[in-house]
Amino acid sequence: MPEGNRVRPTTEKVKEAIFSSLMHYTEDAVVCDLFSGTGNLGLEALSRGAKHCYFFDASRESIGITKSNIKMCRAEDSSTVNVMDFRRALEKLKDDNVKVDMFLCDPPYSNGYYDDIMMLIREYDILNEDGVILLEHNTREPLPEEYFGFTKLKDKEFGNVTFTIYY
């Protein structure tokens, strides 16, 4: 974990609820942990049967921690790690012809990235037909039922944190 509160890893309770909701999508999935922080969510997906995870974060410090955690979990062969912001990351997936089964997106809540995330995933056509997008966000800022052509599957509140799943 990095010092300070710039990175806020998803709590164990929320992570368990997320992956209980996503269990049918995880096996053999190609996953993108878009704001990886410590790599917490992507590594959980790998531990639950995902075949590969792309980890992206704009912070070199966070990516360093992600790499250490990947090594500790012995998940190097099923991981790709890059230091880049989410816009460049999504463009890279498109340029590399990667189709993602599961996007795990836990951006800084106050930066207003949600519209750009959803718009670019749609524009670049990088979500597999049966894929899902998970957005973690502040409960006081609910997300719409329809979002850039994606439909809300479910959302679940945990105090001031809500995760919303789209397909």
Side-chain angles (χ1 to χ4, degrees), residues 1-19 22 26 29-48 50-96 98-124 126-127 131-141 143 147-148 158-166:
M1 277 287 303
E3 304 256 334
N5 63 357
R6 189 181 54 73
V7 174
R8 44 167 184 68
T10 304
T11 66
E12 290 300 315
K13 179 181 177 181
V14 173
K15 190 167 58 171
E16 182 61 38
I18 287 170
F19 285 96
L22 295 174
T26 308
V30 173
V31 176
C32 176
D33 190 346
L34 197 52
F35 297 82
S36 68
T38 62
N40 186 18
L41 290 176
L43 285 166
E44 186 69 24
L46 290 172
S47 77
R48 292 177 181 248
K51 70 179 169 187
H52 195 86
C53 186
Y54 293 87
F55 294 89
F56 296 103
D57 202 291
S59 164
R60 289 194 182 284
E61 179 186 14
S62 290
I63 287 296
I65 293 165
T66 296
K67 286 180 178 179
S68 293
N69 289 338
I70 289 168
K71 185 174 182 179
M72 186 171 53
C73 294
R74 297 185 180 111
E76 298 94 335
D77 291 344
S78 54
S79 301
T80 301
V81 184
N82 285 286
V83 178
M84 59 181 62
D85 84 319
F86 76 94
R87 291 174 187 92
R88 285 186 47 230
L90 295 172
E91 186 174 10
K92 179 170 180 37
L93 292 171
K94 175 189 68 125
D95 292 346
D96 292 348
V98 174
K99 288 284 194 174
V100 175
D101 298 302
M102 182 188 307
F103 279 96
L104 303 171
C105 308
D106 183 11
Y109 295 168
S110 61
N111 289 14
Y113 293 150
Y114 300 100
D115 285 355
D116 286 348
I117 292 166
M118 299 299 276
M119 178 188 67
L120 292 172
I121 291 171
R122 170 63 68 204
E123 180 181 322
Y124 293 159
I126 52 178
L127 181 67
V132 292
I133 303 165
L134 176 130
L135 299 174
E136 189 172 318
H137 57 95
N138 189 307
T139 300
R140 292 183 304 258
E141 298 172 11
L143 297 175
Y147 209 3
F148 288 93
F158 293 89
N160 63 353
V161 173
T162 296
F163 69 85
T164 301
I165 301 170
Y166 289 92

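Here, residue 1 is the first one in the sequence, and each next residue gets the next number. Note that the structure is predicted; figures quoted are calculated from it, not measured.
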(request) Take C53 and L43 through the side-chain contact (heavy atoms from CB on, under 4.5 Å) test and state the conclusion after the steps. (result) CA-CA 8 Å; C53 186; L43 285 166; over 6 Å; no
(message) Let's go through F148 and D115 carefully: what are the C-alpha distance in whole Å and the side-chain angles of both, what is the deciding distance for side-chain contact (heavy atoms from CB on, under 4.5 Å) to 0.1 Å, and is it a yes or a no?
(response) CA-CA 8 Å; F148 288 93; D115 285 355; 4.0 Å; yes
(request) In sequence, state the C-alpha distance, the side-chain angles, and the governing distance for I165 and F163, and then conclude on side-chain contact (heavy atoms from CB on, under 4.5 Å). (result) CA-CA 7 Å; I165 301 170; F163 69 85; 3.9 Å; yes
(request) Please step through side-chain contact (heavy atoms from CB on, under 4.5 Å) for the pair F19 and L104, ending with a clear verdict. (result) CA-CA 11 Å; F19 285 96; L104 303 171; 4.1 Å; yes
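Side-chain contact between E61 and I65: present, with at least one pair of heavy atoms (C-beta onward) separated by less than 4.5 Å. A 4.5 Å side-chain heavy-atom check between L46 and C73 finds every atom pair outside the cut-off. Side-chain contact between M118 and Y166: present, with at least one pair of heavy atoms (C-beta onward) separated by less than 4.5 Å. Here the side chains of F35 and P108 are in contact, with some heavy-atom distance below 4.5 Å.
Residue K99 qualifies as enclosed at atom NZ: its count of foreign heavy atoms under 6.0 Å is above 12. Heavy atoms from other residues, nucleotides or ligands lying under 6.0 Å from NZ of K92 number 12 at most.
One N or O on the side chain of S78 and one on the backbone of A75 form a donor-acceptor pair closer than 3.5 Å. D96 contributes no side-chain N or O that, together with a main-chain N or O of V98, makes up a donor-acceptor pair within less than 3.5 Å. Under the 3.5 Å distance criterion, the side-chain polar atoms of D57 are matched with a main-chain donor or acceptor of G37. Panel note: side chain N160, backbone T139; no donor-acceptor pair is recorded below 3.5 Å.
Nearest heavy-atom pair across F55 and G39 is CE2-O, 3.6 Å. Of all heavy-atom pairs between P107 and Y113, the closest is CB-CD1, 3.9 Å. The shortest heavy-atom contact between H137 and L143 is CD2-CD1, 3.3 Å. The shortest non-hydrogen separation linking A17 to F158 is CB-CZ, 3.1 Å. Annotation for A58 and V83: closest pair O-CG1, 3.8 Å, computed over non-hydrogen atoms. Listed here is the closest heavy atom pair of E76 and I70: N-CG2, 3.6 Å.
Distance check: E136 CD to C105 SG gives 10.5 Å after rounding to the nearest 0.5 Å. In this structure, the separation between CG on L41 and CD1 on I18 is 5.5 Å, given to the nearest 0.5 Å. Taking CD from E91 and CG from L93, the interatomic distance works out to 10.5 Å, rounded to the nearest 0.5 Å. In this structure, SG on C32 lies 11.5 Å from CG on D101, to the nearest 0.5 angstrom. To the nearest 0.5 angstrom, T164 atom OG1 is 11.5 Å from I133 atom CD1. Between the CG atom of L127 and the CZ atom of R122 there is a distance of 8.0 Å, given to the nearest 0.5 Å.
For an aromatic pair to be called close, the ring centres must be under 6.0 Å apart, and F86 with F56 fails this.
Tested against L134, the residues L22, V31, L34 include a single side-chain contact (heavy atoms from CB on, under 4.5 Å) partner, L22. When each of I126, D33, I117 is tested with F103 by the rule side-chain contact (heavy atoms from CB on, under 4.5 Å), just one qualifies, namely I126.
Taking a cutoff of 4.0 Å between a charged side-chain nitrogen and a carboxylate oxygen, K15 and E12 qualify as a salt bridge.
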